[in-house]
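Letters A, B, ... are given to chains in the order of the sequence lines, protein chains preceding strands, and every chain is numbered from 1.
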Amino acid sequence: MNDKSRFVQKITPKSTDFSKWYVEIIRKAELADYAPMKGMMVIRPYGYAVWEHIKNHLDKKIKETGHKNAYFPLFIPESFLQKETEHLEGFSPEVAWVTHGGEDELEERLAVRPTSEAIIGHMYSKWINSYRDLPVLINQWANIVRWEKVTRPFLRTAEFLWQEGHTAHETSQEAEEETQKMLSVYKEFIENELAISLISGLKSEREKFAGASATYCVEALMSDKKALQMGTSHFLGQHFSKVFDVKFEDRNQELQYVWQTSWGVTTRMVGALVMVHGDDSGLCFPPRVAPVQVIIVPISVGDWKKTVLPHAEKVKKKLENKGFRVELDDREQFTPGWKFSEWEMKGVPLRLEIGPRDIENNNVVLVRRDNRKKQVVSQDQMIEKGHEILDDIQKSMLNASLKFREDNTHEVNHYSEFQAIMKSKMGFVKTLWCGNPDCEAHIKEDTKATIRVIASEKEKGSCVYCDKDAHLVVYFARAY
RNA sequence: CGGGACGUGGCGCAGUCUGGUAGCGCACAGCGUUCGGGACGCUGGGGCCGUGGGUUCGAAUCCCACCGUCCCGACCA
């Protein structure tokens with residue numbers, strides 16, 4: 001058996017057509033399916049389970065950092081959206097409008113929320129009177145709608161699920177700190193749980209959130225060497241508090257506008273998991289967010305339902321009791337080989353085979369999804385080994401992602417190099433920028449690459465495009 | 001929203017050029033033999049050919065419009 005014959009045959013190879021590969025995996029692994037409305041999808045149970053793990057974990061982190069969950073309405077009056085001009089201009093092309101209630105035309109159109117700054121600003125103005133009311137630290141888990149023209153499952157759909165935090169603070173500095181704090185919560189979460197290596201920093205003026213003073217974000221490199229924004233944290237300054245009149249009496253009995261932040265991550269992260277870790281055999285989930293961590297495949301020989309299955313069930317119970325997310329594939333219409341391929345496609349990190357030979361020797365066979373290494377371990381060591389292997393998979397997946405990112409980050413000084421890289425190698429280009437939006441725009445026109453982040457480090461040199469003095473270290477890439 | 005390609009059982013496709021009432025592989029169901037890397041045999045079910053108009057005795061096939069998907073651009077989590 002050669003390596004190729006082990007691959008799941010029915011998925012278009014990544015190298016042949018990345019987009020096709022991506023979409024096929026999502027449908028064949030039953031993460032999601034197209035809904036009959038343009039740009040909309042159904043997140044199927046297997047895909048939703050991934051989101052639930054992301055959500056549960058992040059929810060805990062958000063609460064640990066002092067935030068409380070709440071829920072704001074789906075609809076936002078048009079006049080609210082209009083208050084912050086930049087905000088409105090940023091979102092107006094993709095807002096879905098409700099114009100009728102039953103048969104009656106509404107006096108004022110209602111936007112289906114593309115984000116909730118407006119309605120939340122309005123409510124905060126009612127709730128906040130004094131510095132004693134601050135900070136306000138609220139998060140909501142919600143769906144939002146953005147009427148996108150070009151859509152792809154998980155990466156960009158007309159409706160998606162997310163978490164949006166909205167906070168109000170006494171001082172600019174406190175709000176800045178909150179912005180940074182949540183960015184680092186995202187960074188830790190994405191690296192530790194999703195095993196995806198990131199770069200982080202500030203967005204340029206042209207890429208920042210409509211209505212923010214500053215947008216920070218975390219970006220990852222997908223395996224086709226395009227960048228994907230995975231989380232954003234905005235310092236809103238007083239833009240929204242001024243237009244929604246969110247005032248408080250400060251410690252000197254003077255009226256002041258609050259300083260705000262907002263931050264969010266979306267179901268897009270599920271798409272990132274596919275694009276970062278998947279291979280030609282299908283998905284490959286990091287153990288911490290895998291819906292199923294261990295799949296038990298009983299080797300069905302002879303009267304296996306009587307001879308093998310009871311042992312497999314016992315093994316399942318043992319693992320479950322130790323906190324593994326485990327399933328037993330006892331379907332009789334499939335051969336073990338078929339099941340191996342199927343669960344590989346579904347990205348289950350660890351497969352446990354148990355057959356007559358193993359039962360006789362009190363063993364089980366463990367096979368990891370990430371490198372397909374197979375080992376025989378005794379049933380007494382199974383739990384310990386299982387934990388060990390899952391931890392190791394988690395670690396080595398992050399390392400692989402880190403190495404991939406480093407290998408595909410190219411430091412350049414000259415524009416000709418920049419262009420050459422964007423033509424062939426892709427990935428991140430790390431370089432210097434003078435800060436002029438015109439240079440940024442020209443680069444985009446030439447290479448399709450945009451500034452993904454402005455790094456926090458500073459350096460002296462000259463702008464990669466115009467040669468003028470520059471001190472901003474920036475990462476460019478083509479992006480989703 | 002511009003340029004291109006494609007829509008035929010669940011999936012992948014042939015048939016369209018040259019109009020004559022739909023076929024293949026996989027999947028699915030039943031039975032039997034199998035089962036340590038996608039088993040095999042036999043039997044069976046399922047499609048008014050994306051939607052709506054038009055041309056014609058007759059349309060999957062020709063014409064028009066619309067919708068959807070994918071790729072390439074402009075816009076975005």
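- The separation of B:G12 from B:G50, taken at their P atoms, amounts to 14 Å, rounded to a whole angstrom.
- RNA chain B is contacted by A:Arg351, A:Glu353, A:Gly355, A:Pro356, A:Arg357, A:Asp358 of residues 347-360 of chain A, taking any non-hydrogen atom closer than 4.0 Å.
- The partner of B:G68, taking Watson-Crick or G-U wobble pairs whose two distances both stay under 3.5 Å, is B:C6.
- Rounded to whole Å, atom C1' of B:C1 lies 16 Å from atom CH2 of A:Trp147.
- With hydrogens and angles left out, the side-chain atoms of A:Arg478 and A:Thr450 include no donor and acceptor closer than 3.5 Å.
- Between the P atom of B:G36 and the CZ atom of A:Phe334 lies a distance of 15 Å, rounded to the nearest Å.
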Under 3.5 Å between N/O atoms: give me all the protein pairs with nucleotides 39-45 of chain B, atom names plus distance.
residue	atom	partner	partner atom	Å
B:A39	OP1	A:Thr335	OG1	3.4
B:A39	OP2	A:Thr335	OG1	2.9

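- Minimum atom distance to the side chain of A:Glu148 is reached by B:C75, of the listed B:C35, B:C75, B:G37.
- Among pairs with a residue in residues 291-311 of chain A, those fulfilling salt bridge (Lys or Arg N to Asp or Glu O under 4.0 Å) read A:Lys305-A:Glu332, at least two apart in sequence or across chains.
- Spacing of P atoms, B:C17 relative to B:U61, comes out at 9 Å, to the nearest Å.
- Separating the P atom of B:C72 from that of B:G15 is a span of 27 Å, rounded to the nearest Å.
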Could you go through nucleotides 67-72 of chain B and list every protein N or O atom that sits under 3.5 Å from one of its N or O atoms, giving the distance for each pair?
residue	atom	partner	partner atom	Å
B:U69	OP1	A:Gly39	N	3.3
B:U69	OP2	A:Lys38	NZ	3.2
B:C70	OP1	A:Tyr34	OH	2.8
B:C71	OP1	A:Ser19	OG	2.5
B:C71	OP1	A:Arg152	NH2	3.1

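- Remark: A:Trp259 pairs with no residue by the ring pair (Phe, Tyr, Trp, His ring centres under 6.0 Å) rule, at least two apart or across chains.
- Between A:Ser197 and A:Arg405, the side chains place a donor N or O and an acceptor N or O closer than 3.5 Å (distance only, hydrogens not considered).
- Shown here is A:Lys61, whose NZ atom has no more than 12 heavy atoms of other residues, nucleotides or ligands within 6.0 Å.
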(request) Test A:Tyr216 against A:Phe209 for ring pair (Phe, Tyr, Trp, His ring centres under 6.0 Å), laying out the working first. (result) CA-CA 9 Å; A:Tyr216 296 86; A:Phe209 176 74; over 10 Å; no

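- Here the closest non-hydrogen pair linking A:Trp51 and A:Trp141 is CZ2-CZ3, 3.7 Å.
- Of all nucleotides present, only B:G73 satisfies the Watson-Crick or G-U wobble test against B:C1, with each distance under 3.5 Å.
- For the P atoms, the distance linking B:G4 with B:C64 amounts to 14 Å, nearest Å.
- If you take atom P in B:G20 and the same atom in B:U16, they sit 9 Å apart, rounded to whole Å.
- If you check the side chains of A:Trp263 and A:Thr261, you find a donor sitting under 3.5 Å from an acceptor.
- Residue pairs that meet the salt bridge (Lys or Arg N to Asp or Glu O under 4.0 Å) test with at least one member in residues 195-213 of chain A, sequence neighbours left out, are A:Glu86-A:Lys208, A:Lys203-A:Glu219, A:Glu205-A:Lys208, A:Glu207-A:Arg452.
- With RNA chain B read from its 5' end, the first of the two nearest nucleotides for A:Lys339 and A:Lys444 is the one closest to A:Lys339.
- As a whole-Å value, the separation of A:Glu332 CD from B:G38 P is 20 Å.
- Applying the Watson-Crick and G-U wobble criteria (two distances, each under 3.5 Å), B:C28 pairs with B:G44.
- If you measure from atom CG of A:Asp330 to atom C1' of B:C35, you get 15 Å, rounded to the nearest angstrom.
- Using a 4.0 Å heavy-atom distance criterion, A:Leu155 is classed as a base contact.
- Pair assignment for B:U61 gives none, since no Watson-Crick or G-U wobble pairing has each distance under 3.5 Å.
- Across all strands shown, B:G23 forms a Watson-Crick or G-U wobble pair, both distances under 3.5 Å, with B:C13.
- For the residue pair A:Glu24/A:Thr12, the side-chain donor-acceptor check at 3.5 Å is satisfied.
- In this entry B:U55 has no Watson-Crick or G-U wobble partner, no candidate having both defining distances under 3.5 Å.
- Taking atom CG of A:Asn361 as the reference point, atom C1' of B:G36 lies 13 Å away to the nearest angstrom.
- Across all strands, A:Thr450 comes closer than 4.0 Å to no nucleic acid atom at all (heavy-atom distances).
- Between the P atoms of B:G46 and B:G41, the separation comes to 23 Å (whole Å).
- Residue A:Arg206 places at least one side-chain N or O under 4.0 Å from the OP1 or OP2 atom of B:C75.
- Taking atom P in both B:G47 and B:A60, the straight-line distance is 16 Å, to the nearest Å.
- Counted by atom type alone, A:Glu440 and A:Ser204 present one or more donor-acceptor pairs between their side chains at under 3.5 Å.
- Rounded to whole Å, atom C1' of B:G37 lies 13 Å from atom CZ of A:Arg369.
- Of the C1' atoms belonging to B:C48 and B:A22, the separation is 11 Å, rounded to the nearest Å.
- Remark: the A:Asn363 side chain and the A:Gln379 side chain contain no N/O donor-acceptor pair separated by less than 3.5 Å.
- Residue A:Ile295 contributes atom CD1, which lies 15 Å from atom C1' of B:G37 at whole-angstrom precision.
- In this structure, A:Lys28 atom NZ and B:G38 atom P are separated by 18 Å, rounded to whole Å.
- Across all strands, A:Phe209 comes closer than 4.0 Å to no nucleic acid atom at all (heavy-atom distances).
- No option in A:Phe240, A:Phe80, A:Phe244 other than A:Phe240 meets the ring-ring contact (aromatic ring centres under 6.0 Å, His included) test with A:His87.
- Pairing each heavy atom of A:Arg113 with each of A:Ala142, the nearest pair is NH2-CB, 3.5 Å.
- Among the protein residues, A:Val365 comes within range of the nucleic acid bases, having at least one heavy atom under 4.0 Å from a base atom.
- Residue A:Thr232 is out of contact with every strand shown, counting any heavy-atom pair closer than 4.0 Å.
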